[in-house]
Amino acid sequence: MDSGTEVTFAASNSSLESGGAAEPAAALHLLSRQPSRFKGVVPQPNGRWGAQIYDRHARVWLGTFSDQEIAARAYDVAAVRYRGCEAITNFPGERPSAGELAFLAAHSKSEIVDMLRKHTYAAELRHGLCRGRGMGARVQPTTPWAQKLLFEKVVTPSDVGKLSRLVVPKQHAEKHFPLKRSPENTTGNGVLLNFEDGEGKVWRFRYSYWNSSQSYVLTKGWSRFVREKGLRAGDTVAFSQPVYGQQDNNNQLFINYRKTPRKQDEAGHPDDAIAAEARSIKLFGVDIAGGGGREAGEKGTANSWET
DNA sequence: AGGTGTGTTGAA
DNA sequence: TCAACACACCTG
(Lines give C-alpha, C1' and ligand atoms only; values in the text may rest on other atoms or scores of the structure.)
Protein backbone atom coordinates (compact mmCIF):
# COMPACT_ATOMS: atom_id res chain seq x y z
CA MET A 1 0.00 0.00 0.00
CA ASP A 2 0.98 3.56 -0.25
CA SER A 3 2.56 5.03 2.78
CA GLY A 4 0.23 6.50 5.29
CA THR A 5 1.23 10.05 4.56
CA GLU A 6 -0.21 10.18 1.14
CA VAL A 7 -2.35 13.20 1.27
CA THR A 8 -3.08 15.27 4.27
CA PHE A 9 -3.10 18.45 6.14
CA ALA A 10 -0.06 18.12 8.30
CA ALA A 11 -1.82 16.68 11.32
CA SER A 12 -3.13 13.19 11.52
CA ASN A 13 -5.45 12.83 14.45
CA SER A 14 -8.73 11.84 12.88
CA SER A 15 -10.36 9.74 15.51
CA LEU A 16 -13.28 9.88 13.17
CA GLU A 17 -14.28 6.43 12.14
CA SER A 18 -11.13 4.44 11.63
CA GLY A 19 -11.02 3.63 15.29
CA GLY A 20 -13.88 1.21 15.75
CA ALA A 21 -14.41 -1.90 13.74
CA ALA A 22 -11.99 -1.20 10.97
CA GLU A 23 -13.96 -2.77 8.22
CA PRO A 24 -14.99 -6.24 9.39
CA ALA A 25 -13.50 -7.36 6.15
CA ALA A 26 -12.93 -6.06 2.70
CA ALA A 27 -14.87 -9.10 1.71
CA LEU A 28 -18.15 -7.37 1.08
CA HIS A 29 -17.06 -5.40 -1.91
CA LEU A 30 -18.10 -7.90 -4.48
CA LEU A 31 -21.73 -7.03 -4.65
CA SER A 32 -22.36 -4.54 -1.91
CA ARG A 33 -21.25 -1.09 -2.83
CA GLN A 34 -20.92 0.22 0.63
CA PRO A 35 -21.22 3.97 0.31
CA SER A 36 -18.42 6.05 1.70
CA ARG A 37 -18.97 7.99 4.85
CA PHE A 38 -16.80 10.72 3.42
CA LYS A 39 -17.67 13.64 1.28
CA GLY A 40 -16.26 13.48 -2.21
CA VAL A 41 -15.35 9.82 -1.88
CA VAL A 42 -16.94 7.19 -4.07
CA PRO A 43 -16.46 3.44 -4.05
CA GLN A 44 -14.74 1.80 -6.96
CA PRO A 45 -15.82 -1.57 -8.30
CA ASN A 46 -12.68 -3.25 -7.06
CA GLY A 47 -13.07 -2.17 -3.47
CA ARG A 48 -10.83 0.85 -3.77
CA TRP A 49 -11.97 4.43 -3.42
CA GLY A 50 -12.15 7.35 -5.78
CA ALA A 51 -12.11 11.01 -4.84
CA GLN A 52 -13.84 13.75 -6.76
CA ILE A 53 -14.92 17.31 -6.37
CA TYR A 54 -17.31 19.37 -8.41
CA ASP A 55 -16.35 22.65 -9.90
CA ARG A 56 -18.96 24.62 -11.73
CA HIS A 57 -21.14 21.72 -12.76
CA ALA A 58 -18.22 19.59 -13.81
CA ARG A 59 -16.69 16.73 -11.92
CA VAL A 60 -12.98 16.86 -11.34
CA TRP A 61 -11.49 13.46 -10.70
CA LEU A 62 -8.90 13.42 -7.93
CA GLY A 63 -7.67 9.88 -8.32
CA THR A 64 -8.18 6.51 -6.73
CA PHE A 65 -6.95 5.34 -3.38
CA SER A 66 -6.80 2.12 -1.46
CA ASP A 67 -8.08 3.68 1.72
CA GLN A 68 -11.17 5.82 1.83
CA GLU A 69 -9.72 7.96 4.57
CA ILE A 70 -6.85 8.89 2.30
CA ALA A 71 -9.28 9.60 -0.49
CA ALA A 72 -11.17 11.83 1.93
CA ARG A 73 -8.01 13.78 2.65
CA ALA A 74 -7.39 14.21 -1.03
CA TYR A 75 -10.86 15.67 -1.30
CA ASP A 76 -10.14 18.00 1.58
CA VAL A 77 -7.04 19.34 -0.11
CA ALA A 78 -8.94 19.95 -3.30
CA ALA A 79 -11.82 21.52 -1.41
CA VAL A 80 -9.53 24.08 0.17
CA ARG A 81 -7.83 24.83 -3.13
CA TYR A 82 -11.10 25.22 -4.98
CA ARG A 83 -13.23 26.79 -2.29
CA GLY A 84 -10.92 28.41 0.15
CA CYS A 85 -9.87 27.54 3.66
CA GLU A 86 -13.43 27.84 4.86
CA ALA A 87 -14.51 24.96 2.72
CA ILE A 88 -16.37 22.10 4.30
CA THR A 89 -13.99 19.19 4.66
CA ASN A 90 -14.01 15.65 5.92
CA PHE A 91 -11.62 16.45 8.72
CA PRO A 92 -12.60 19.85 10.09
CA GLY A 93 -10.16 19.36 12.91
CA GLU A 94 -7.22 19.31 10.57
CA ARG A 95 -7.06 22.73 9.13
CA PRO A 96 -4.25 23.37 6.69
CA SER A 97 -1.33 25.30 8.09
CA ALA A 98 -0.49 28.74 6.83
CA GLY A 99 2.38 27.17 4.95
CA GLU A 100 0.13 24.69 3.26
CA LEU A 101 -2.33 27.41 2.35
CA ALA A 102 0.52 29.33 0.77
CA PHE A 103 1.60 26.21 -1.05
CA LEU A 104 -1.91 25.69 -2.35
CA ALA A 105 -2.19 29.29 -3.41
CA ALA A 106 1.10 29.05 -5.25
CA HIS A 107 -0.14 26.25 -7.44
CA SER A 108 -2.89 26.13 -10.00
CA LYS A 109 -5.88 23.94 -9.43
CA SER A 110 -4.81 21.53 -12.12
CA GLU A 111 -1.35 21.26 -10.60
CA ILE A 112 -2.83 20.36 -7.24
CA VAL A 113 -5.16 17.89 -8.88
CA ASP A 114 -2.23 16.32 -10.68
CA MET A 115 -0.34 15.92 -7.42
CA LEU A 116 -3.34 14.28 -5.82
CA ARG A 117 -3.81 11.91 -8.71
CA LYS A 118 -0.13 11.03 -8.73
CA HIS A 119 -0.11 10.63 -4.97
CA THR A 120 2.75 13.07 -4.68
CA TYR A 121 0.96 15.91 -2.93
CA ALA A 122 2.49 15.18 0.46
CA ALA A 123 5.98 14.97 -0.99
CA GLU A 124 5.64 18.16 -2.97
CA LEU A 125 4.18 19.95 -0.01
CA ARG A 126 7.19 19.00 2.06
CA HIS A 127 9.46 20.47 -0.57
CA GLY A 128 7.38 23.55 -0.85
CA LEU A 129 7.47 24.07 2.89
CA CYS A 130 11.17 23.38 3.02
CA ARG A 131 12.38 25.34 0.07
CA GLY A 132 9.84 27.92 -0.92
CA ARG A 133 10.04 29.56 2.45
CA GLY A 134 8.22 32.71 3.28
CA MET A 135 5.21 33.50 1.20
CA GLY A 136 4.07 30.65 -0.93
CA ALA A 137 6.86 31.05 -3.33
CA ARG A 138 6.78 28.64 -6.16
CA VAL A 139 8.79 25.52 -5.56
CA GLN A 140 12.28 25.97 -6.87
CA PRO A 141 13.80 22.90 -8.42
CA THR A 142 16.91 21.54 -6.81
CA THR A 143 19.85 23.02 -8.64
CA PRO A 144 21.54 20.60 -11.00
CA TRP A 145 24.85 20.91 -9.25
CA ALA A 146 23.29 19.54 -6.11
CA GLN A 147 22.58 16.38 -7.99
CA LYS A 148 24.92 13.51 -8.65
CA LEU A 149 24.26 11.72 -11.91
CA LEU A 150 23.74 8.02 -11.44
CA PHE A 151 23.10 6.98 -15.01
CA GLU A 152 21.30 7.88 -18.19
CA LYS A 153 19.33 5.89 -20.68
CA VAL A 154 18.32 6.63 -24.21
CA VAL A 155 14.72 5.55 -24.16
CA THR A 156 13.61 2.89 -26.55
CA PRO A 157 10.36 2.83 -28.49
CA SER A 158 8.85 0.46 -25.98
CA ASP A 159 9.94 2.66 -23.10
CA VAL A 160 7.70 5.39 -24.43
CA GLY A 161 5.14 3.15 -26.05
CA LYS A 162 2.02 1.54 -24.78
CA LEU A 163 3.80 -0.84 -22.47
CA SER A 164 3.81 1.97 -19.96
CA ARG A 165 7.08 0.98 -18.45
CA LEU A 166 10.74 1.88 -18.57
CA VAL A 167 13.30 -0.86 -18.53
CA VAL A 168 16.13 0.12 -16.21
CA PRO A 169 19.35 -1.37 -17.56
CA LYS A 170 20.18 -4.20 -15.22
CA GLN A 171 23.68 -3.05 -14.40
CA HIS A 172 22.46 0.36 -13.31
CA ALA A 173 19.43 -1.01 -11.59
CA GLU A 174 21.40 -3.35 -9.39
CA LYS A 175 24.02 -0.75 -8.66
CA HIS A 176 21.85 2.27 -7.94
CA PHE A 177 18.36 1.00 -7.27
CA PRO A 178 18.78 -2.05 -5.14
CA LEU A 179 15.39 -3.66 -4.82
CA LYS A 180 15.03 -4.47 -1.18
CA ARG A 181 11.97 -5.79 0.52
CA SER A 182 12.03 -2.81 2.81
CA PRO A 183 9.11 -2.43 5.20
CA GLU A 184 7.66 0.83 4.02
CA ASN A 185 6.91 1.69 0.48
CA THR A 186 6.68 -1.93 -0.34
CA THR A 187 3.75 -2.71 -2.53
CA GLY A 188 3.25 -6.34 -3.15
CA ASN A 189 6.17 -6.62 -5.46
CA GLY A 190 8.43 -3.68 -5.89
CA VAL A 191 8.67 -0.31 -4.21
CA LEU A 192 7.45 3.20 -4.78
CA LEU A 193 10.14 5.73 -5.58
CA ASN A 194 9.83 9.49 -5.71
CA PHE A 195 11.70 11.50 -8.30
CA GLU A 196 11.93 15.26 -8.55
CA ASP A 197 12.08 16.59 -12.08
CA GLY A 198 13.75 19.66 -13.48
CA GLU A 199 10.80 21.80 -12.55
CA GLY A 200 10.75 20.74 -8.96
CA LYS A 201 7.74 18.54 -9.51
CA VAL A 202 7.66 15.13 -7.94
CA TRP A 203 6.87 11.91 -9.72
CA ARG A 204 6.17 8.57 -8.13
CA PHE A 205 6.93 5.39 -9.94
CA ARG A 206 6.57 1.80 -8.97
CA TYR A 207 9.88 0.06 -9.33
CA SER A 208 9.99 -3.70 -9.56
CA TYR A 209 11.56 -6.72 -11.13
CA TRP A 210 9.79 -8.62 -13.84
CA ASN A 211 10.63 -12.27 -13.79
CA SER A 212 9.09 -12.80 -17.17
CA SER A 213 11.64 -10.59 -18.85
CA GLN A 214 14.29 -10.76 -16.16
CA SER A 215 14.41 -7.02 -16.03
CA TYR A 216 14.02 -4.12 -13.66
CA VAL A 217 11.27 -1.75 -14.58
CA LEU A 218 9.60 1.50 -13.68
CA THR A 219 5.92 0.85 -14.14
CA LYS A 220 3.04 2.64 -12.51
CA GLY A 221 3.29 6.35 -13.03
CA TRP A 222 5.78 6.12 -15.85
CA SER A 223 3.31 6.60 -18.67
CA ARG A 224 2.08 9.78 -17.09
CA PHE A 225 5.60 11.12 -17.10
CA VAL A 226 6.15 10.14 -20.71
CA ARG A 227 2.94 11.83 -21.69
CA GLU A 228 3.52 15.06 -19.83
CA LYS A 229 7.09 15.46 -20.99
CA GLY A 230 6.31 14.32 -24.48
CA LEU A 231 9.15 11.83 -24.38
CA ARG A 232 9.98 10.15 -27.66
CA ALA A 233 12.16 7.22 -28.47
CA GLY A 234 15.72 8.42 -28.71
CA ASP A 235 15.36 10.98 -25.97
CA THR A 236 17.46 10.57 -22.88
CA VAL A 237 16.39 10.27 -19.29
CA ALA A 238 18.86 10.77 -16.48
CA PHE A 239 18.61 9.61 -12.93
CA SER A 240 20.44 11.37 -10.14
CA GLN A 241 20.61 11.54 -6.40
CA PRO A 242 21.25 14.38 -3.97
CA VAL A 243 24.93 15.17 -3.69
CA TYR A 244 24.67 16.27 -0.11
CA GLY A 245 22.33 14.61 2.32
CA GLN A 246 22.39 10.91 2.76
CA GLN A 247 20.71 9.15 -0.04
CA ASP A 248 18.37 8.27 2.73
CA ASN A 249 17.12 11.79 2.36
CA ASN A 250 13.60 10.49 2.12
CA ASN A 251 14.99 8.37 -0.66
CA GLN A 252 14.43 11.38 -2.85
CA LEU A 253 15.85 10.99 -6.30
CA PHE A 254 15.91 13.12 -9.42
CA ILE A 255 14.84 12.49 -12.95
CA ASN A 256 15.74 14.71 -15.85
CA TYR A 257 15.41 14.29 -19.55
CA ARG A 258 16.91 15.59 -22.74
CA LYS A 259 15.26 15.56 -26.11
CA THR A 260 17.29 14.50 -29.05
CA PRO A 261 17.37 17.24 -31.61
CA ARG A 262 14.74 16.62 -34.20
CA LYS A 263 13.93 18.35 -37.40
CA GLN A 264 11.94 21.43 -36.50
CA ASP A 265 9.46 19.28 -34.68
CA GLU A 266 8.66 20.98 -31.48
CA ALA A 267 8.00 18.89 -28.46
CA GLY A 268 5.04 17.17 -29.94
CA HIS A 269 3.40 14.75 -27.59
CA PRO A 270 3.12 11.25 -28.97
CA ASP A 271 -0.58 10.88 -28.68
CA ASP A 272 -0.32 8.13 -31.18
CA ALA A 273 2.17 5.92 -29.50
CA ILE A 274 2.10 3.37 -32.25
CA ALA A 275 2.90 5.79 -35.00
CA ALA A 276 5.57 7.37 -32.86
CA GLU A 277 7.11 4.01 -32.25
CA ALA A 278 7.18 2.97 -35.85
CA ARG A 279 8.61 6.28 -36.87
CA SER A 280 11.33 6.21 -34.30
CA ILE A 281 12.32 2.65 -34.90
CA LYS A 282 13.06 3.26 -38.52
CA LEU A 283 14.48 6.70 -38.32
CA PHE A 284 16.61 6.11 -35.30
CA GLY A 285 15.73 9.33 -33.69
CA VAL A 286 15.97 11.39 -36.80
CA ASP A 287 12.44 12.38 -37.37
CA ILE A 288 11.07 13.49 -40.64
CA ALA A 289 7.34 13.18 -40.47
CA GLY A 290 6.58 16.33 -38.57
CA GLY A 291 3.34 16.03 -36.65
CA GLY A 292 4.08 14.64 -33.27
CA GLY A 293 0.35 14.59 -32.93
CA ARG A 294 -0.72 16.87 -30.15
CA GLU A 295 -3.35 18.99 -31.69
CA ALA A 296 -6.66 17.54 -30.68
CA GLY A 297 -7.54 17.72 -27.05
CA GLU A 298 -5.38 15.58 -24.91
CA LYS A 299 -7.11 12.45 -23.91
CA GLY A 300 -7.17 10.57 -20.71
CA THR A 301 -5.97 12.85 -18.02
CA ALA A 302 -6.96 16.23 -19.17
CA ASN A 303 -9.00 17.86 -16.54
CA SER A 304 -9.81 20.90 -14.57
CA TRP A 305 -9.08 24.31 -15.79
CA GLU A 306 -8.03 27.41 -14.06
CA THR A 307 -9.83 30.16 -12.33
C1' DA B 1 -7.39 -8.69 -16.98
C1' DG B 2 -7.99 -5.55 -13.85
C1' DG B 3 -8.38 -0.93 -12.74
C1' DT B 4 -9.30 3.86 -13.69
C1' DG B 5 -12.02 7.54 -14.79
C1' DT B 6 -15.98 9.20 -17.64
C1' DG B 7 -21.00 9.21 -19.05
C1' DT B 8 -25.08 9.77 -17.12
C1' DT B 9 -28.91 10.13 -14.14
C1' DG B 10 -31.64 11.34 -10.22
C1' DA B 11 -31.64 13.15 -5.69
C1' DA B 12 -30.18 16.76 -2.36
C1' DT C 1 -23.67 19.98 -5.97
C1' DC C 2 -23.19 15.45 -5.31
C1' DA C 3 -22.99 10.41 -5.44
C1' DA C 4 -24.71 5.86 -7.52
C1' DC C 5 -24.12 3.05 -11.15
C1' DA C 6 -22.56 1.24 -15.63
C1' DC C 7 -18.94 0.45 -18.58
C1' DA C 8 -15.40 2.10 -22.27
C1' DC C 9 -10.92 2.47 -22.44
C1' DC C 10 -6.33 2.56 -20.57
C1' DT C 11 -2.70 0.63 -17.95
C1' DG C 12 0.21 -2.70 -15.77
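By convention in this document, chain letters (A, B, ...) are assigned in the order of the sequence lines, proteins followed by strands, and residues within each chain are numbered from 1.
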Whole-Å distance between [N] [atom2] and [X] [atom1]?
X: A/Leu62; N: B/dG5; atom1: CG; atom2: C1'; answer: 11 Å
X: A/Asp55; N: C/dA3; atom1: CG; atom2: P; answer: 15 Å
X: A/Ile53; N: C/dT1; atom1: CD1; atom2: P; answer: 10 Å
X: A/His57; N: B/dG7; atom1: NE2; atom2: P; answer: 16 Å
X: A/Phe205; N: C/dG12; atom1: CZ; atom2: C1'; answer: 14 Å
X: A/Trp49; N: C/dA4; atom1: CH2; atom2: C1'; answer: 12 Å
X: A/Leu163; N: C/dG12; atom1: CG; atom2: C1'; answer: 9 Å
X: A/Phe225; N: C/dG12; atom1: CZ; atom2: P; answer: 15 Å

Test of understanding: with salt bridge (Lys or Arg N to Asp or Glu O under 4.0 Å), list the residues that count as partners of [X], not counting sequence neighbours.
X: A/Glu174; value: none
X: A/Arg83; value: none
X: A/Asp159; value: A/Lys153, A/Arg165
X: A/Lys175; value: none

Distances under 3.5 Å between protein N/O atoms and the N/O atoms of nucleotides 1-4 of chain B, please, pair by pair.
| residue | atom | partner | partner atom | Å |
| --- | --- | --- | --- | --- |
| B/dT4 | OP1 | A/Arg48 | NE | 3.1 |
| B/dT4 | OP1 | A/Arg48 | NH2 | 3.1 |
| B/dT4 | OP1 | A/Thr64 | OG1 | 3.4 |
| B/dT4 | OP2 | A/Asn46 | ND2 | 3.2 |
| B/dT4 | OP2 | A/Arg48 | NE | 3.1 |
| B/dT4 | O5' | A/Thr64 | OG1 | 3.4 |

Can you tabulate the close N/O pairs, meaning under 3.5 Å, that link protein atoms to atoms of nucleotides 10-12 of chain B?
none

Side chain of [X] (C-beta onward), nearest among [options]:
X: A/Arg224; options: B/dG5, C/dA4, C/dC2; result: B/dG5
X: A/Arg227; options: C/dA4, B/dG5, C/dT11; result: C/dT11
X: A/Gln52; options: C/dA4, C/dA3, C/dT1; result: C/dA3

Hey, does the side chain of A/Ser223 come within less than 4.0 Å of C/dG12's phosphate (OP1/OP2), counting only N and O?
yes

Can you tell me if A/Lys39 touches the phosphate of C/dC2, counting only side-chain N or O atoms and a distance under 4.0 Å to OP1 or OP2?
yes

In the single-linkage hydrophobic clustering (I, L, V, M, F, W, Y; side-chain heavy atoms under 4.5 Å), do A/Phe239 and A/Val155 co-cluster?
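Linked, A/Phe239 and A/Val155 end up in one cluster.
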
Step through it carefully: locate the ring centre of [X], locate the ring centre of [Y], and say whether they are under 6.0 Å apart.
X: A/Phe177; Y: A/Tyr207; result: yes
X: A/Phe38; Y: A/Phe91; result: yes
X: A/Phe65; Y: A/Trp49; result: no

What nucleic acid atoms does A/Gly50 come within less than 4.0 Å of, heavy atoms only: base, sugar-phosphate, or nothing?
nothing

Spacing of A/Ser223 atom OG and A/Leu166 atom CG [to the nearest 0.5 Å]
12.0 Å

